[in-house]
Amino acid sequence: MPKTHAARFRTSCAAAADRLRTKTRLWPGSVRLLCCAAGLWATALLTPGPWALVGVPVLGLLGFLSLRRHHHLGVGLIVFACLVTIQITALAASRGPGTAAETVGTVVGHSEPGATGWTRLTLLTTTGFTEVLSPAAVDAGTSVRMRTERADDIRSTSSAPESVREPNALWRWRERLRTQLRADSLAAGHDGGHLLPGLVVGDTEPQDARMIDDMRAVSLTHVSAVSGSNVTIVSLGAGLLAGACRAGPRLRVSIGVLACIGYVFIVGFEPSAIRAAGMAIATALVFLRGGGISPVAVMCSTASLLLAFVPVLATSVGFVLSVVSTAAIMFIVPILLRRLAVHLPLLPSVLVTALVVPFVAQLACTPVLVAIDPRIGLWSVAANALAAPAVLPATAAGFLSLVCAAIATTGLPGFDLLSELLARLGSLPAWWIVRVARICAALPGAALDWPAPPAGTLLAAALLGNAAVGGWLLVRRRLWGLPVLVLCCVLTASVIIAVRAKPPGADWLVLVCDVGQGAGAVINLGEGRGLVVDTGREAEPIDTCLDDSGIAEFDLLISHFDADHFAGYPGTSWGRRIDRMFVSANVATSPEARRVAADTGAEVVAAQRGQSLAFDQADVEVLWPPPRPHPAGQDEELRNEDSLVVRVDHEGLSTLLPGDVGADEQFVLAQGLQPVDVLIAPHHGSSDLAPEFFAAAAPRLGVVSVGENSYGHPSPKSLRAFGPVPVLRTDRCGSVALYAQGRFSTGTDCPEDRG
C-alpha cells in the first residue's frame with residue numbers, strides 16, 4: 001500500500017475511532033448499569049450453592065477473554081464476578097448457619113416494634129451486618145448474645161436478647177441527642193412536631209397511625225423517615241459550606257462524606273440508612289467534585305458496592321425504589337428539562353423542575369409500588385411537588401438543632417434554648433408536609449385499586465412504557481404521541497374501573513369489612529349512626545370500610561383484645577365520633593380497654609351474657625361470656641373464651657357474630673341458640689369448632705372474615721360445617737354487604753364456597 005494511502009487509511013481509522021468514542025462515551029456506565037441490574041437479580045433470586053463454583057469462574061474467564069477486543073465489557077464482567085463473589089459470601093455470612101446457633105454482636109440500629117411487639121435488630125458481628133427478628137427491642141450500642149435460627153433472609157430469636165455489655169459513652173450521647181430532638185419537637189404541640197424526629201433521625205415512634213396511613217396513601221412515606229434526600233441535604237450542605245470557606249474539591253468531598261457518616265451514626269446503621277448514605281455520598285461526589293466524573297458511573301458503582309457489602313439491601317424495596325428513581329431522574333429529567341426550556345421558555349425553570357422531578361420519579365417507581373401495595377394514587381405527584389420544598393428547611397433546622405444540642409452537652413450556655421428554637425422552627429415546614437398528605441389523602445381517587453402482582457406489576461410496567469413512548473413522541477413534536485397517551489389513559493382508567501371495589505347499596509344493614517386476617521363489621525343504625533363490631537389489626541382497612549359505609553358517629557363493640565380484633569381502632573376515630581365502647585365485663589378494667597378508651601374518648605360499658613343492648617334501629621343480644629367469679633389475671637386478658645358473642649336483629653335480618661370462641665363455648669351456646677339468617681364463622685374459620693353450633697344456627701348464608709395467614713384459615717372442616725349454604729370469604733370477595741330478605745353484595749366478583 002503506498003505511503004499516502006496508508007496515511008489516509010490511518011487518518012480515516014482515527015476519525016472513525018473518535019466518532020465511536022463520542023457516541024459510546026457512556027458505555028462504561030452502561031456496563032456498570034447492567035452489572036448493577038444483574039447483581040440485583042442474582043442476589044434476590046439465587047442463594048449460595050453449587051452454581052457459584054462454576055458460574056462465577058466462567059463469568060470471570062469470559063471477562064479476561066473479552067479484554068483484548070472489548071475492553072470495557074471485559075472489565076465489567078470481571079468486576080461483576082468479583083462483586084457477586086463478595087455479595088454471596090456476605091449474604092451467606094449474614095444469614096448464618098441453617099441450624100440454631102449463638103449470635104453475638106453490637107446492636108447498631110433497630111426498627112420500631114410492630115403491632116405484635118416484634119422488632120428488627122441490626123447487629124454488627126464479626127461477619128458483618130446481621131438482621132435479627134426479636135421479641136424485644138434493645139438500645140443501640142448494646143452488645144448482646146442470643147440464640148437465633150434462620151428465618152428466610154434474616155435470623156430470628158424467640159427470647160429476649162441477653163445483654164453482654166451496656167452502651168458506652170458515645171452511644172449514650174447519641175441517644176441523648178435523639179431524645180432531646182424528640183422532646184423539643186413535641187413541644188411544638190402540632191403534627192409537625194410528631195413528624196420532625198422521623199424526618200431528621202428516623203424516630204417514627206411519635207407518628208400516629210393516621211399520619212402513617214396518609215403519608216403512605218400519597219407516596220410520601222420516604223419523608224416520614226430518613227431517606228436519601230435528607231442525608232444528601234446534610235452532606236451537600238456541609239460540603240458547600242466548606243466550599244464557601246474556599247476549600248478545594250477534595251476537602252469539600254471529604255467534609256461532605258464525614259458529615260454523612262456522622263449523621264448516619266445519629267440515625268442508626270439500619271440497611272435503609274446505609275442505602276441512603278450510599279446514594280447521598282454518590283450525589284455529593286458528583287456535585288462537590290466539580291466535573292470530570294460520570295454521574296451514571298458513580299450511581300451504578302455505588303449501587304454495586306452497596307449490594308456487595310450490605311447484601312440484605314437486595315431484598316429491600318427501598319433500595320430498588322432508590323435506584324429506579326435516581327436512574328430515572330439522571331436519564332430522563334435532563335432531556336425533558338432541555339426540551340421544555342425550548343418549547344416553553346416563559347415558564348420559570350424552578351417551577352418546571354419542581355413538577356417534572358416528582359412526576360418522573362413517581363412514574364418510574366409505579367411498577368414497584370403496585371407490587372408492594374396494589375393501589376395507585378391520583379394525587380401522589382401533586383403531594384410530592386407541594387411537600388418537596390418543605391423537606392430542605394425541615395431537615396436543615398432539625399440537623400442544626402442536633403448540632404446545638406451536641407454543643408449544649410459540653411456545658412456552654414444558651415445552646416439548649418437555641419436547640420429547642422430550631423426544632424420548633426423545623427416543625428413548621430414538617431407541619432406543612434403532614435397537612436399536604438392529609439388533604440391529598442382525603443381527596444377522591446387518593447387510593448385506587450389495582451390488580452395484584454405479578455399481573456398488576458407487569459400491567460403497570462406495560463402502561464408506563466406506553467406512556468413513555470407517547471411522551472417521547474410529543475417531545476420530538478410527533479403528533480402520534482397524543483393518541484398514544486390518550487390510549488394509555490383509557491386503558492389505565494379501564495383497569496381501575498374493572499378492579500375497583502363495589503360500594504354497598506344505600507339500603508345495606510350489615511357490612512362485614514375486609515380487614516385482612518382479622519374481624520370487623522358495621523351495623524347500620526340509620527342517619528349516619530352505626531355500631532362497629534371489632535376493628536381488625538390495621539387502622540387503614542377499617543377506616544376505608546367506614547368511609548364506604550358513610551358512618552360518621554357510632555358505638556364500638558370489641559369482642560376481645562386480640563390484636564386482629566382491636567388493634568385497628570385508631571382508624572375508626574379519624575374524622576368520626578365514638579360515643580360508647582362495649583367490652584366483656586371480664587376484661588372491662590384491662591389495660592387494653594383503658595388504652596382504647598383513653599385514645600378514643602369513648603365511655604366503657606361492661607357487657608355480659610343475657611344482656612340486651614337497645615338501639616333505635618336494631619336489637620343486640622349478648623349471648624356470651626358469662627361473668628367470672630374472679631377478675632381476669634394479667635396473663636388471661638386475651639383469652640378467646642372471653643369473646644363477646646352477639647346476635648343482631650335488624651329490620652328482618654338476623655346476624656350472629658361469635659368472635660373467637662372455641663369448640664367448648666360453641667357447644668354450650670348451641671343448647672339455647674335460635675336460627676339466624678347470617679352466621680359469621682367463629683375464629684376466622686378455625687377447625688376448633690362444634691358442629692352442633694353451626695346446626696343450631698342454621699344460617700342461610702355464611703361469611704368468613706379472613707385474610708392471608710399461616711393458620712390454614714378457613715379450614716375445610718369449618719366450611720363443611722356450614723352445610724349446603726353459600727359461604728363468602730372476605731379475602732376473595734372483599735367487604736360483604738347484607739340486606740333484608742337475606743340479600744347480599746360483595747366488593748369484588750368472587751366464587752361462593754359450599755359446605
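Note that CE of Met146 and CZ of Arg155 are 10.5 Å apart. Values are rounded to the nearest 0.5 Å. In this structure, the separation between CG on Leu679 and CG on Leu657 is 9.0 Å, given to the nearest 0.5 Å. To the nearest 0.5 Å, the span separating OG1 on Thr748 from CZ on Arg732 amounts to 11.0 Å. Within the model, atoms CZ of Phe694 and NZ of Lys717 stand 9.5 Å from one another, a figure rounded to the nearest 0.5 Å. To the nearest 0.5 Å, the span separating OG on Ser715 from CZ on Arg720 amounts to 7.5 Å. Rounded to the nearest 0.5 Å, atoms NE2 (His560) and CG (Asp642) are 9.0 Å apart.
When all heavy atoms are compared, the tightest approach of Ser559 to His565 is OG-ND1, 3.3 Å. When every heavy atom of Ser380 is checked against every heavy atom of Ala217, the shortest pair comes out as OG-O, 4.1 Å. Closest non-hydrogen pair, Cys513 versus Ile542, comes out as SG-CD1, 4.1 Å. Closest non-hydrogen pair, Val706 versus Asn709, comes out as CG2-ND2, 3.6 Å. When all heavy atoms of Cys545 and Leu511 are compared, the pair lying nearest together is SG-CD2, 3.5 Å. Ser745 approaches Tyr739 most closely through the heavy-atom pair OG-OH, 2.8 Å.
Counting only distance, with no hydrogens or angles, the side chain of Ser705 and the backbone of Ala681 share no donor-acceptor pair below 3.5 Å. Here the side chain of Glu665 pairs a donor or acceptor atom with the backbone of Gly662 at under 3.5 angstrom. In this structure, the side chain of Thr157 does not engage the main chain of Thr148 through any donor-acceptor pair within 3.5 Å. Distance alone, capped at 3.5 Å, places no donor-acceptor pair between the Arg700 side chain and the Val725 backbone. A donor-acceptor pair is defined here as one N or O able to donate and one able to accept, closer than 3.5 Å; such a pair exists between the side chain of Arg576 and the backbone of Asp543. The backbone N or O of Arg580 lies less than 3.5 Å from a partner atom in the side chain of Asp555, making a donor-acceptor pair. A distance-only check finds no donor-acceptor pair linking the side chain of Thr746 to the backbone of Gly734 [under 3.5 Å]. A donor-acceptor pair under 3.5 Å is absent between the side-chain atoms of Glu651 and the main chain of Leu509, judged by distance alone. In terms of modelled atom types and a separation under 3.5 Å, the side chain of Ser643 and the main chain of Asp660 share a donor-acceptor contact. Between the side chain of Gln608 and the backbone N or O of Pro627, no donor-acceptor pair lies under 3.5 Å.
A salt bridge links Glu553 with Arg577: the closest approach of a Lys/Arg side-chain nitrogen to an acidic carboxylate oxygen falls below 4.0 angstrom. Between Arg216 and Asp213 a salt bridge is recorded (basic side-chain N to carboxylate O distance below 4.0 Å). Taking the charged nitrogens against the carboxylate oxygens, Arg729 and Asp731 do have a contact shorter than 4.0 Å, which makes a salt bridge.
A 4.5 Å side-chain heavy-atom check between His650 and Gln617 finds at least one atom pair inside the cut-off. Inter-residue side-chain proximity for Val522 and Asn524 is flagged as unmet; no heavy-atom pair is nearer than 4.5 Å. A 4.5 Å side-chain heavy-atom check between Ser573 and Ile578 finds at least one atom pair inside the cut-off. Inter-residue side-chain proximity for Trp508 and Leu738 is flagged as unmet; no heavy-atom pair is nearer than 4.5 Å. Annotation: side chain of Arg210 is in contact with side chain of Arg438 (closest heavy-atom distance under 4.5 Å). Between Glu592 and Ile558, the closest side-chain pair of non-hydrogen atoms is not below 4.5 Å. Using a 4.5 Å heavy-atom cutoff, the side chains of Leu623 and Leu673 are in contact. The shortest side-chain heavy-atom distance between Pro699 and Val678 does not fall under the 4.5 Å cut-off.
Around the CD atom of Gln671, the shell of radius 6.0 Å holds more than 12 heavy atoms that belong to other residues, nucleotides or ligands. Heavy atoms of other residues, nucleotides or ligands lying less than 6.0 angstrom from CG of Asp749 number 12 at most.
Considering Glu708, His683, Gln517 in turn, Gln517 is the only one that fulfils the side chain to side chain donor-acceptor pair (under 3.5 Å) rule with His713.
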Evaluate the side chain to side chain contact (heavy atoms under 4.5 Å, CB included) criterion for residues Phe744 and Val510: first the C-alpha distance (whole Å), next the side-chain angles of each, then the deciding distance (0.1 Å), finally the verdict.
CA-CA 9 Å; Phe744 66 86; Val510 177; over 6 Å; no
For the pair Val370 and Thr366, evaluate side chain to side chain contact (heavy atoms under 4.5 Å, CB included) and give the outcome as yes or no after the intermediate values.
CA-CA 6 Å; Val370 297; Thr366 296; 4.2 Å; yes
Apply side chain to side chain contact (heavy atoms under 4.5 Å, CB included) to residues Trp574 and Leu546 and explain how you reach the verdict.
CA-CA 10 Å; Trp574 297 345; Leu546 286 170; over 6 Å; no
I'd like to know whether Asp579 forms a side chain to side chain contact (heavy atoms under 4.5 Å, CB included) with Arg529, so could you lay out the CA-CA distance, the side-chain angles of the two residues, the decisive distance to 0.1 Å, and finally the verdict.
CA-CA 11 Å; Asp579 296 326; Arg529 282 193 50 81; 3.0 Å; yes
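Checked against side-chain hydrogen bond (donor to acceptor under 3.5 Å, both in side chains), Thr122 has the following partners two or more places apart in sequence or in another chain: Glu131.
Ring orientation note: the planes of Phe615 and Phe582 are nearly perpendicular, at an angle over 60° on the 30°/60° scale. Between Phe566 and Phe561, the ring planes lie perpendicular to each other; the angle is over 60°, past the 30° to 60° tilted range.
With 3.5 Å as the limit, one finds no donor-acceptor pair spanning the side chains of Ser735 and Asp514. With hydrogens and angles left out, the side-chain atoms of His684 and Asp564 include a donor and acceptor closer than 3.5 Å.
Listed by first and then second residue, the disulfide (SG to SG under 2.5 Å) pairs that reach into residues 675-739 are Cys733-Cys750, sequence neighbours excluded.
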